[in-house]
2 protein chains.
Amino acid sequence: MPGSRAASSRLAIAARPFLARPDGDGARRDLLTPQERDRLASIASLVRIERGDILFRQGAEANAIYDIAGGVLKSVLQRPDGTRAILGFFFPQDIVGLAEDGRYVSTVQAVSGAVLYRMPLRALERLLKHDRELDHQFLLKACHELRGAQLHVLTLGIVRAEIRVLRFLGLMRQMQAPEAGLGSLIELPMSRADIAEYLGLTPETVSRVFARLRRAQIIASPNPHLIRVVDEERFLAIAEDEGRVRPPAPRVSAAD
Amino acid sequence: MPGSRAASSRLAIAARPFLARPDGDGARRDLLTPQERDRLASIASLVRIERGDILFRQGAEANAIYDIAGGVLKSVLQRPDGTRAILGFFFPQDIVGLAEDGRYVSTVQAVSGAVLYRMPLRALERLLKHDRELDHQFLLKACHELRGAQLHVLTLGIVRAEIRVLRFLGLMRQMQAPEAGLGSLIELPMSRADIAEYLGLTPETVSRVFARLRRAQIIASPNPHLIRVVDEERFLAIAEDEGRVRPPAPRVSAAD
DNA sequence: CTAGCCTCTTGATCGGAATCAAGGCGCGCC
DNA sequence: GGCGCGCCTTGATTCCGATCAAGAGGCTAG
């Protein structure tokens, strides 16, 4: 908020939905096709980073974007006071490197070891000039990313920690099993602290919520980084049905 | 999160920052120039709506975007359980109408009476095909909007209500006085309930926070919709300095 | 002018998440 | 193999925001 006195920065975007032919096949409209990926490959070089490594820092000059080949990354934003918020997690085939005014808007750090394709902006710029289709794909990504941020806002507006965590699990499942359904197994490569920073909670609370969900037989977890959804019904019921309403109020009112 | 099983929806965007010439003049890069606005005017028609009216609904078929000429609007998202979150407020010269897959992603409703320019998508599409510069402006808007959503996430991750409210005031001031500085007066056209839904709080809490800030002589407010920042120092200190840390701990430790 | 409604405000109580604190486990390093 | 360090978990307590409730002010319509 400070610093970027970007004036009347506000405004919703016109995402040119008309250009986004509804794409009947229902597939990941925000991912590049293999062909598009190939065209990008011509200007890309391979990069490896280790768990904990920082790919680039918030505010640094942006001179490349990255296509994730393997591993998981996180996008982190600093608050003026030093605390941080995690804006999102990125998986293989995601593209990271959003910049504004030539500077990266967030820090991107490896959650696990990762392999990426690095695409210098100058080369990408040249490529996109001649490839309007590819160019357009990037706009779609921007819109989709925005949608994601809006859902994040929606989740953070929920008071109850159980619901936030369950929605997070739903999101992770969706990202790992795009074809859906497959999904009772969810991998969580990130730490409890990471999850907490994404959800606006403390690590302790996240841990406690997992414990409660385990006791309630809604999930099971052989280890902290692997979750199995046991009771799909209640999983979805809690994740989607209530925002800030009171759920457990049987109120038998025995004496009445 | 449900419904749009948009598969691997995740991915950061490459905002083609290189195209966004840093624009030394520091002015609102996300706003159209008068010339661009004129070109758009050729396809626009005027629309008036009253306070409380809904411009369009989440999920409805998107066939136009709107340029706000006067008034204030809000963008609202429904949760599965019926509760809502406000994603943002929009002021004159902002553009609203983000869609995905041809459907509006959120409901937009008038906070006050408003006047807008309506631009049919079909006509806009034709226009943008011949006007690459204008086309590009829309991409910048998308990126800026995304930035805004990320700052919103940042604010919602903060625990203390005072800080959330103060950051909100800072945001409102910034949107009303792009030239900054001018700013000790802040107008709040929206209701306490609106502010609460934006900040993930209840109207009561918002009201109480204002009362506390007033008692602490940090702000003054002749009426609920007008705020004057009295103590700029502390205003900024609280809004920007602490995330979840304990502030009032003078601890004179008298006996020690 | 008054009745009714809506918004804002204030008060009292409750509950749940943060905080403070400590212990267990897995893993790499020595 | 054992030590030390992270990370996760669990417990006790505190505090703050949600909730329930009621009252005040303002605006509109009758």
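Convention: sequence-line order gives letters A, B, ...; per-chain numbering from 1.
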Can you check the [X] [atom1] to [N] [atom2] distance for me, whole Å?
{"X": "Arg212(A)", "N": "dG16(C)", "atom1": "CZ", "atom2": "P", "answer": "8 Å"}
{"X": "Leu201(A)", "N": "dC16(D)", "atom1": "CG", "atom2": "P", "answer": "18 Å"}
{"X": "Arg160(B)", "N": "dA18(D)", "atom1": "CZ", "atom2": "P", "answer": "13 Å"}
{"X": "Ile158(A)", "N": "dA18(D)", "atom1": "CD1", "atom2": "C1'", "answer": "15 Å"}
{"X": "Ile195(A)", "N": "dC7(D)", "atom1": "CD1", "atom2": "P", "answer": "13 Å"}
{"X": "Glu197(A)", "N": "dC7(D)", "atom1": "CD", "atom2": "P", "answer": "12 Å"}

Any side-chain donor near an acceptor of the partner, [X] and [Y], under 3.5 Å:
{"X": "Ser221(B)", "Y": "Arg228(B)", "value": "no"}
{"X": "Thr155(A)", "Y": "Arg167(A)", "value": "yes"}
{"X": "His144(A)", "Y": "Glu100(B)", "value": "yes"}

(Q) Between Thr202(A) and dA18(C), is there a contact of a side-chain N or O with OP1 or OP2 at under 4.0 Å? (A)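 Yes, within the criterion.
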If you restrict it to nitrogen or oxygen atoms, what contacts under 3.5 Å exist between nucleotides 6-10 of chain C and the protein, and what is each distance?
unit_1 : atom_1 : unit_2    : atom_2 : d
dC8(C) : OP1    : Arg192(B) : N      : 3.1
dC8(C) : OP2    : Arg192(B) : N      : 3.1
dT9(C) : OP2    : Arg192(B) : NE     : 2.8
dT9(C) : OP2    : Ser207(B) : OG     : 3.0
dT9(C) : O5'    : Ser207(B) : OG     : 3.2

Q | Tyr117(A) OH: over 12 foreign heavy atoms closer than 6.0 Å | A |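 Counting other residues, nucleotides and ligands, OH of Tyr117(A) stays at 12 neighbours or fewer.
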Q. More than 12 foreign heavy atoms under 6.0 Å from CZ of Arg234(A): is that the case here?
A.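 Yes - once you tally the heavy atoms of other residues, nucleotides and ligands closer than 6.0 Å, there are more than 12.
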(Q) Check for me whether the distance between the ring centres of Tyr198(B) and Phe168(B) falls short of 6.0 Å. (A)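 Yes, ring centres under 6.0 Å apart.
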